[in-house]
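Written below as structure tokens is the structure these notes are about.
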Amino acid sequence: PDKEFLVRQREVLRLLNKVHEPNRFKEQAELGRSYDPTAHFSKYKNAVPVKRMVKEYMAGHMLPRGAIFTLFNNKHREEMITVFESFFFAEDWDTFYRTACWARDRVNEGQFIYALSVAVLHREDTRGIVLPPAYEIYPHLFVNSEVIHAAYKAKMRQEPAVVRMNFTGTIRNPEQRVAYLGEDVGMNSHHSHWHMDFPFWWKQEEYGVHKDRKGELFYYMHHQLIARFDAERLSNDLPIVEPLYWDEKIVDGFYPQTTYRVGGEFPARPDNFEFHDLEHIKVKDMMDYTRRIREAISQQAVVTRTGEMVSLNNTQGIDILGCMVEPSHDSKHPEYYGALHNYGHIMLGQITDPKGKFNMPPGVMEHFETATRDPAFFRLHKYIDNLFKLHKDLLPHYTMEELGFNGVTIQDLTVDDLVTYFEDFDIDMLNALDDTAELQDVDIKARVRRLNHKPFSVQVTVNSERDAMAVVRIFLAPKYDWFGQEIPINEKRLYMIEIDKFVTKVNKGTTVVQRKSSESSVTIPDRETTKVLTKRVEEALQGKTTYMVNKDVRHCGYPDRLLLPKGKKDGMIFTMYVIVTDYETEKVNDLPYDYEYGGAISYCGTLAGHKYPVNKPMGFPFDRQIDGDNFCTPNMFQKDVIITFKDTI
Ligand code: CUO
């Protein structure tokens with residue numbers, strides 16, 4: 001790459017390095033001090049935000065440094081958007097960089113990190129820049145208090161340390177059996193990045209970056225998170241997750257045992273807590289929003305702000321509904337349909353101190369980085385997901401024509417042994433501890449247990465009457481429910497987890513399509529650590545090594561280690577489904593078929609204004625009702641597979 005790119009990469013890493021520490025890098029600090037955005041308004045495509053940012057900062061109206069930032073707080077978010085827009089509308093790299101240096105030591109750290117990250121992910125001139133892993137930027141949100149305290153101790157003693165992190169709770173809490181998923185740092189990082197790639201506050205027209213099928217992705221990615229959580233629950237002899245209700249107690253409590261850098265511990269939610277009215281959100285509002293959304297679903301049309309009716313009875317319906325339920329900036333009528341999902345996060349986050357009597361900090365549900373730690377996250381999302389299901393169930397079943405692929409048959413499917421295990425992983429705590437002048441940094445790591453699986457591959461033998469381009473979709477679902485009963489296909493489809501979706505060529509005659517787990521369109525590999533990345537960039541800048549830029553780099557993507565659910569020691573039976581369909585009728589972008597958009601399209605779609613690469617509904621063919629037991633057309637294949645969990649490997 002050109003030096004220019006490497007310098008940009010280095011400066012972004014520096015800007016995000018120990019954000020709590022002002023004047024970290026001399027050059028940036030000086031630039032930040034001397035740059036006066038008010039003198040350069042013409043350098044912004046839209047100067048309104050940067051003017052506002054400077055004005056609000058000067059007036060002391062912005063969230064102060066050190067305070068806890070949450071995206072769900074309207075004031076916090078509006079300010080963050082102003083900062084983001086100041087970055088995003090900067091005309092060139094230079095203006096962007098100077099604005100960022102200006103903001104780094106002034107703006108609230110949480111707002112700065114969020115705004116800068118989203119700007120880097122969306123600016124043309126920062127395409128390909130890699131952000132540090134979320135758990136390294138903000139370790140407090142990813143590890144528990146125990147680890148933070150131990151890390152401080154180690155630093156005081158000036159001794160390098162590896163601190164073992166346990167999952168929250170004890171074995172007396174059955175929910176702890178699946179804490180390895182909800183507390184997985186890669187999973188939380190995926191989830192927080194998804195929400196940076198598809199922010200609910202994104203103004204499509206104003207920013208000029210279209211987010212294709214954003215509402216549908218909101219539905220589908222979260223639907224898949226729940227299906228995956230359910231697969232882990234069944235793997236651990238827990239029943240599938242139940243939705244919550246606004247007027248029912250939440251039986252299982254949650255003690256996050258996680259602490260903010262400043263501002264104390266995350267609030268805990270004891271067993272059997274009920275929802276209470278908050279100052280601005282009432283329990284009744286939640287019920288009203290739900291009722292209106294259900295009405296829209298059953299009449300298959302939503303009413304817009306201007307009173308028009310928009311039909312939901314088509315493949316785009318889910319996108320409209322997703323935007324409305326989240327809600328995103330594109331909701332057809334936010335005043336009427338409300339903010340069911342976002343308010344759900346707030347209601348849960350503030351459940352312990354609904355009136356703000358005790359001035360408790362925000363709960364884990366009020367940050368995308370921490371939300372999945374609370375099992376109630378999955379209950380809220382199951383509730384939301386059931387609304388989407390109501391809608392999908394009203395759509396016509398797929399016809400044989402929609403399901404089939406003329407002249408193409410799957411003859412066989414073979415899968416390697418599917419083996420899972422736990423392993424240790426070390427998180428660098430470099431950003432966790434405040435620096436003091438007297439104490440040097442020492443190497444401190446948090447060691448977590450995490451699920452992994454042996455690499456595997458899938459071979460699909462396809463017979464075709466002609467050369468063709470095929471879309472291959474691979475799914476996996478548990479065969480038996482918690483009671484040991486075989487799950488009928490029309491129910492099983494709800495627990496279907498996507499394993500892969502890709503395009504390949506099938507030749508006339510027989511083709512064996514081989515696909516490795518590492519190639520999955522659902523996942524991304526482990527993120528490179530800040531230290532390694534920084535070193536690589538420095539060495540490349542000195543001309544010692546070469547540096548490959550991936551313009552399509554994705555931070556969003558389910559961790560590859562979690563592609564398979566845990567399964568059981570004695571083996572657990574899942575059914576694998578493969579379907580091949582005609583790419584010619586599905587393709588959307590006029591690009592070569594092997595263009596993968598960074599490799600995580602299944603849950604994370606595409607960036608840079610590209611469309612989602614295939615036009616069938618996400619989750620096809622399992623997103624709609626299925627009649628009868630025999631679902632397979634010749635271009636589909638199903639096979640029972642066994643996932644075995646090994647203690648050691
Ligand atoms: Cu991802 Cu509720 O949308 O956490």
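In listed order, ligands and their atoms are each counted from 1. Please read all numbers here as calculations on a predicted model, not as lab measurements. Only heavy atoms go into these numbers, but all of them, side chains included; no hydrogens, no water, no symmetry mates.
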(request) Would you mind listing which atoms of ligand 1 come within a distance below 4.0 Å of any non-hydrogen atom of F377? (result) 2 (Cu), 4 (O)
(request) Look at ligand 1 and say whether W194 reaches it with a heavy atom at a distance under 4.0 Å. (result) no
(request) Would you please indicate yes or no on a ring centroid separation below 6.0 angstrom for F368 and W194? (result) no
(message) Suppose you place the vertex at atom 1 (Cu) of ligand 1; what is the angle out to H191 NE2 and H195 NE2, to 10°?
(response) 90°
(request) Would you mind running through ligand 1 and noting each atom that sits below 4.0 Å from a heavy atom of F218? (result) 3 (O)
(request) Could you list the atoms of ligand 1 found under 4.0 angstrom from a heavy atom of H345? (result) 2 (Cu), 3 (O), 4 (O)
(message) Under a 4.0 Å threshold between the charged nitrogen and the carboxylate oxygen, would E79 count as salt-bridged to K75?
(response) yes
(request) For residues H341 and F218, establish whether the separation of their ring centroids is below 6.0 Å. (result) yes
(request) Check each heavy atom of E326 against ligand 1 and say whether those closer than 4.0 Å belong to the side chain, the backbone, both or neither. (result) neither
(request) Have a look at I499 and tell me which of T523, I474, V522 forms a side-chain contact (heavy atoms from CB on, under 4.5 Å) with it. (result) I474
(message) F425 and side-chain contact (heavy atoms from CB on, under 4.5 Å): which single residue from R449, R561, R450 fits?
(response) R450
(message) Looking at atom 1 (Cu) of ligand 1, is there an N, O or S atom belonging to H222 that lies under 2.8 Å away from it?
(response) yes
(message) Can you check the angle at atom 2 (Cu) of ligand 1 formed by NE2 of H381 and NE2 of H341? Round it to the nearest 10°.
(response) 100°
(request) Would you please say whether a donor-acceptor pair under 3.5 Å links the side chains of Q224 and Y603? (result) yes
